[in-house]
Each structure stands twice: as C-alpha cells, then as structure tokens.
Amino acid sequence: MDLRDLRRIHPYLWEIPAGYREDMRIPCRIFASKEMLEEIVKDRSLEQLVNVSALPGMQKAAYVMPDVHEGYGFPIGGVAAAAWPDGVISPGGIGYDINCGVRLLKTELSHQELQPHLRRLGERLYMAVPSGVGKSGFIKLSKEHLDKVLEKGVPWLADMGYGGEEDIDCIESRGCLENGDPSAVSSHAKGRGIDQLGTLGAGNHFVEIDRITHIYDQETASAFGLFEGQVVIQIHTGSRGLGHQVATDHIKVLLGAMRKYGITVPDRELACAPLTSPEGKEYAGAMAAAANFAWANRQAITFFIRKTWHEVLGDQGGHLSLLYDVAHNIAKVEEHRGEDGVRRKMAVHRKGATRAFGPGHPEVTPRYRNFGQPVIIPGSMGTASYVLAGTESSMELAFGSCCHGAGRQMSRHAAKRAVRGERVRDDLHQQGIQVYSGSMAGLAEEAPMAYKDVDAVVDVVEAAGIAKKVAKLRPILVIKG
DNA sequence: ATGTCC
C-alpha cells in the first residue's frame, strides 16, 4: 500500500476510499498517527483490510486499530461488520484462537505489601497454571461436562464451584454466547480441549502481576475499584487447542461451501458463508462454543490463582475480584448504525480488537454503566498495560471497538534471530520484573522489541476518541508458556 | 495462536 492512496480524515484517522479497488463495497479506515502509518503500509495488513471490505454485506467501513499487523486473511487489529441476515461470517475475521482475551483481577494489596511474598507466589503460580504448547490442566471433565462448558460457559462452571455471580457480571456477554453448539464442535476438537481447562498455552499468553502506576481518571478509576499502587493480576489466554481445531475444521468446510452460495473472495483465507446458511450457522455455533470454552478457561485459571493467592498470603491476601473480562478474537451480533444512520443488526467481527462500549450501553453491567465498559490493553512483556473505558463516540467511530494490545512489529522468526531468550529474561530481571517461563525460544519471540510501543498505540485510540485512559500498569512478575 | 506437518 502507498501512503498516497490514503486520505487523512482526522489527525489519527485515515481512509482508503471505496473507489480504490473495484471490488470494495465500503471504505477502509485506519486509526493511526502519521508515523505509525509509515510502518503499517510496509506489510500486507492494509491490502488485507481492502480484501475484507469486498466481503458480502459489509457495513459502513472496515477498520484497523493502531496495533494492526498482518494476520490470516483479515489483519490482526481489524473490525468489520456484516449485515444481519444477508451478510457473511468468516473465521479469518475471528482468528484461530477463538475468544482469545484478557481479564484483570483486582487485589486489596499494595506493591509494598506483596513484595516479601513475591518469590513464593511466583513459584506457586507457575505450578498452579500449567503453560506451554499442548499442556493439560488439573480439571478432569467428562465428555458430558465439556458439552456443558461449550453450551453454557462460565455460569455453568461457576455452579460447579469455580466462581460466583459477581464474576459472571463482570465478563463480556456474562461469559456465555447463547448459540454455543457442542454438536458443531468435532470430536477431534473436543479431544484436544477436554483436559485443557485452566491452562495458559504459549505465545503471547501470560499471567502477569502488575502495579498501578498512574490514574488518569479518578472518578472512573474509583467506580472500577482501582487505585494508585494497587496490585492487579492480568490473565491473557484463549480457547487453546479446542478453538484452533474448530477454526481448522470449519475453514475447510467454508472453503468448499462458497461456490454453492455464489461467493467469490479476493483471498482464500477469507473463506466465509452467509450468516443464515447451514455452514455459516454451524461455524457460528462452533465459534460460540469455543468462545464459551475460552471464558471458562480464564475463569478456571482465576480459580487456581485465587487458591494459590490465599495459600501464600492467608487472610492478609484479601479477595481477588474481577474488574472485567474482554474478548478480542470474536464475532458477535450487535446493533449499530450503518452509513445511512439507521440502526440494524450486524455480525461484528473483532480480530485483535476489543469491544469498547460507551456509557449507558445496556450490555455494560449496571455497576460500570455510567462510566463505559472497562477495556483491558495488555502491553508486551516488560512494558506498560492500560485500563481504558469505552466512549460514546466509539459507538459511532468504530462499532464500539478499540485496540487490543501493543501489536507485533517483528515476526516470531525475526525476533528469534534478533535476540536470545536468556537475554530477554536477564533484561527484565534488571528492571525488577520476575519471569517464569518454560521456553527460552518463547521469551525471544515475545521480546519487547518485537512489539510496537503500547503507549503510542493507546495515545492514538484516546486521541481518536474511541476509548479514554483510566489507569496505567507496570509489570512485577510474569508467567509465560 | 497451534499436540508449530498426516
């Protein structure tokens, strides 16, 4: 993509007009500073965005966030909405890690209070939350109970003793998409997932203990229960092997089904089917089931973190309450205004993008409704993370969405060539950050240098008006696959 | 992201 093909709408919003390529149905919009855009045009992410704008039923505009980079079919950091019921659903717009997401637990302790216990806590947490590719967990589910997880998500797991109503209330969609369909999930996918509840996985997934170093918005922070110096815990993981297999299985089916519906796409990786077709509904049901599994996974990890926390800290530890749990790889049917200003149902695909509903939205729990939905933005290892709040203007500017993290700027391969894992670990230790990881190669792939500057990414989404800063976090201890 | 190639 050439910078000259882009029109500047605002200082932090750019557009590729719908006439740029013949098959575009809607324009493409990019949230970025000029400096970021100069980097973004270097990979294929904007070509991929233009491809997305050509899918049947696309509404208003296809968006990318400042943390955008190339992905499978759709760019990571992308948001696109297909009209209900005439549009399509595309697994490439959701990603292989269905409902990859982040939750944040609030502690009642300050950094100083935790410090004497940190080493023991890190060692114990590393044992309590199994990490690494293919690792299994401590929960033994029967096939019948796995189906319950796939169908009912966190509310079922909470009934089994792994959480409470106050957790459910602070999860996007209350931890359950109602169309979760266990019968659309292959036995192969179920076999991969059955022993993986309560496991972290690998790659950029982590459990991280942070401290709040800055409050930007005192009123919202108080409503969210956040204060300066507070220790908080982030959990970043998804649907593990189960979600990956669901994506693999259904992409194959959809590739074969497109001809039947007369759909042509500019890239095979955009395989899709009409939302109301049997194949589209089957994928949507399987995706929802995998999403429910991912929420249940983050809930199970929360259970084991709470258990470990209390074992190490006793009564002094206090309660670990959930701030919020956000999905950043998911498609959901929501109501939004189209380009004509008329509200209609759409299947909003967010791939490496976070829902950021504004104040007053009925989908946001009453406890936060006056302030906007909490949005959790994890940085790369060793860098800051943020808690943001959704804004009213995000609803109009980007279907109520914002960025999801720092965003890669270096491939995994390039990162491994550039730095050794031992060096990354030692550098983090120098900064006072404890690292527990079973894979030095994994640490190299996730080195801070492999990621964009999260501070700059968050500054752009705030300046563009799609989220506002509430709190800044700095890492203390990180557990990785 | 992923039992990182059936």
Side-chain angles (χ1 to χ4, degrees), chain A residues 43 45 48 67-78 90-102 129-137 146 185-207 234-252 269 271 283 286-287 289-291 293-295 297-298 301 326-331 349-354 378 380-381 404-417 421 437-447 450-451 479-481:
Chain A
D43 74 9
S45 47
Q48 291 186 323
D67 50 338
V68 64
H69 58 103
E70 245 177 81
Y72 176 85
F74 283 56
I76 294 161
S90 174
I94 289 141
Y96 273 87
D97 189 5
I98 295 164
N99 190 4
C100 184
V102 202
V129 186
S131 60
V133 179
K135 268 287 162 59
S136 51
L146 175 62
V185 178
S186 69
S187 50
H188 186 196
K190 289 178 183 175
R192 287 182 68 173
I194 197 158
D195 60 358
Q196 291 192 320
L197 213 54
T199 67
L200 198 54
N204 63 2
H205 290 165
F206 60 75
V207 168
Q234 287 187 91
I235 303 164
H236 179 202
T237 185
S239 49
R240 310 288 285 100
L242 184 141
H244 192 272
Q245 194 61 44
V246 163
T248 304
D249 291 341
H250 287 265
I251 285 169
K252 199 175 293 174
E269 294 185 354
Y283 170 65
M287 184 218 70
F293 183 84
W295 274 313
N297 188 29
R298 292 195 286 275
I301 290 172
V326 295
H328 56 222
N329 277 9
I330 201 163
H349 294 63
R350 294 190 183 89
K351 183 194 196 177
T354 314
S380 56
M381 231 177 354
H404 86 305
R408 269 197 176 278
Q409 64 177 355
M410 213 182 259
S411 70
R412 294 185 179 282
H413 192 70
K416 271 194 286 198
R417 269 183 317 210
S437 172
S439 163
M440 283 303 133
L443 282 186
E445 290 180 358
E446 296 301 321
Y451 283 84
I479 288 164
K480 292 196 67 85

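Throughout, protein chains are lettered first and strands after them, A, B, ... in sequence-line order, and every chain is numbered starting at 1.
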Using atom OH of A/Y96 as one end and atom C1' of B/dT2 as the other, report the distance to the nearest whole Å.
10 Å
Round to a whole Å and report the spacing from NE2 of A/H244 to P of B/dT4.
9 Å
Would you classify A/Q196 as touching base, sugar-phosphate or nothing, given that sugar-phosphate means primed atoms plus P, OP1 and OP2, and contacts are heavy atoms under 4.0 Å?
sugar-phosphate
Using a heavy-atom cut-off of under 4.0 Å over every strand shown, decide if A/G201 touches base, sugar-phosphate, or nothing.
sugar-phosphate
Under 4.0 Å, heavy atoms only, any strand: does A/A202 hit a base, just the sugar-phosphate, or nothing?
sugar-phosphate
Please state how far atom NE2 in A/H413 lies from atom P in B/dT2, giving the value in whole angstrom units.
20 Å
Ignoring hydrogens and angles, state whether a donor on the side chain of A/R298 or A/T237 is under 3.5 Å from an acceptor on the partner side chain.
no
If only side-chain N and O atoms count, and only distance matters, is there a donor-acceptor pair under 3.5 Å linking A/H404 with A/D67?
yes
B/dT4 P sits how many Å from A/K135 NZ, rounded?
14 Å
Intermediate values then yes/no, side-chain contact (heavy atoms from CB on, under 4.5 Å), A/K351 and A/I94:
CA-CA 5 Å; A/K351 183 194 196 177; A/I94 289 141; 5.9 Å; no
Could you check whether A/S239 and A/N99, counting side-chain N and O atoms only, form a donor-acceptor pair closer than 3.5 Å?
no
Roughly, in whole Å, what's the span from CD in A/Q245 to P in B/dT4?
11 Å
Between B/dT2 atom C1' and A/K252 atom NZ, what is the distance in whole Å?
14 Å
Remember a base hit wins even if backbone is also touched, and classify A/H188 as base, sugar-phosphate or nothing at under 4.0 Å, heavy atoms.
base
B/dT4 phosphate, OP1 or OP2: any side-chain N/O from A/R412 under 4.0 angstrom?
no
Base, sugar-phosphate or nothing for A/G203? Non-hydrogen atoms, less than 4.0 Å.
sugar-phosphate
